[in-house]
J.: 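Dropping the structure in here first, questions after.
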Amino acid sequence: MDDLDKLRVMLPHWIEHNSGHGGEFLQWAGIMEAAGKPDIAELLKRAAASLRNAEAALEDAMGKAGGPLAAPGGSHHPHPH
């Protein structure tokens with residue numbers, strides 16, 4: 001497997017991973033707003049927006065790389081969490 005193929009395996013995982021964290025950031029932004037901490041809530045919302053921008057760039061990279069490629073053995077997680 002060459003480096004481009006490795007990247008095509010890893011990009012979908014990175015996109016999914018970022019999306020999950022972005023959702024958590026927004027969830028915590030709501031919690032901080034309810035706790036009367038709007039400054040923290042705003043920073044968490046900014047962080048979520050940054051992840052959405054990163055996700056868009058990763059999706060563009062995946063398209064230019066030729067789309068997703070299944071990992072050998074069918075695993076979609078190339079590393080443990």
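Quick caveat: nothing in here was measured; it's all calculated off a predicted structure.
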J.: Check whether any side-chain N or O of Ser19 sits under 3.5 Å from a backbone N or O of Ile15 as a donor-acceptor pair, and report yes or no.
T.: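 Between the backbone of Ile15 and the side chain of Ser19 there is no qualifying donor-acceptor contact (under 3.5 Å).
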J.: What pairs with Ala65 under side-chain contact (heavy atoms from CB on, under 4.5 Å), at least two apart in sequence or on another chain?
T.: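 With sequence neighbours excluded, Ala65 shows a side-chain contact (heavy atoms from CB on, under 4.5 Å) to Leu4, Arg8, given in chain and number order.
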J.: Please give the remaining members of the hydrophobic cluster of Trp28, linking ILVMFWY side chains under 4.5 Å, ordered by chain and number.
T.: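 Members besides Trp28, by chain and number: Ile31, Met32, Ile40, Leu44.
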J.: Assess the side chains of His13 and Glu16: does a donor N or O sit below 3.5 Å from an acceptor N or O?
T.: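 Note: His13 and Glu16 side chains miss the donor-acceptor criterion.
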J.: Evaluate the criterion side chain to side chain contact (heavy atoms under 4.5 Å, CB included) for residue pair Lys6 and Leu69; output intermediate values, then yes/no.
T.: CA-CA 8 Å; Lys6 289 177 189 175; Leu69 183 68; over 6 Å; no
J.: Check Gly22 against Leu51 and note the closest heavy-atom contact, atom names and distance.
T.: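 What the structure gives for the nearest pair is N-CD1, 3.6 Å.
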J.: Go through the structure and list residues passing side-chain contact (heavy atoms from CB on, under 4.5 Å) with Leu7, not counting sequence neighbours.
T.: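 Counting only residues at least two positions away or on another chain, Leu7 forms a side-chain contact (heavy atoms from CB on, under 4.5 Å) with Leu11, Trp14.
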J.: With sequence neighbours left out, which residue pairs that include part of residues 51-70 fulfil the side-chain hydrogen bond (donor to acceptor under 3.5 Å, both in side chains) condition?
T.: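 Every candidate side-chain hydrogen bond (donor to acceptor under 3.5 Å, both in side chains) pair involving residues 51-70 fails, so no pair, neighbours aside, qualifies.
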J.: CE of Met10 to CG of Leu58: how many Å apart, nearest 0.5 Å?
T.: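 Here the rounded value is 10.5 Å.
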J.: To which residues is Leu26 joined in a hydrophobic cluster, defined by side-chain heavy-atom contacts under 4.5 Å among Ile, Leu, Val, Met, Phe, Trp and Tyr, whether direct or through other members?
T.: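 Listed partners: none, Leu26 stands alone.
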J.: Where do Ala41 and Ala29 come nearest, in terms of heavy atoms and distance?
T.: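 Reported closest heavy-atom pair: CB-O, 3.3 Å.
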J.: Tell me, please, which residues at least two apart from Glu33 pass salt bridge (charged side-chain N to carboxylate O under 4.0 Å, His left out).
T.: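 Lys45.
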J.: So, for Ala48 and Phe25, which heavy atoms are closest and what is the spacing to 0.1 Å?
T.: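 The pair with the smallest heavy-atom distance is N-CD1, 3.8 Å.
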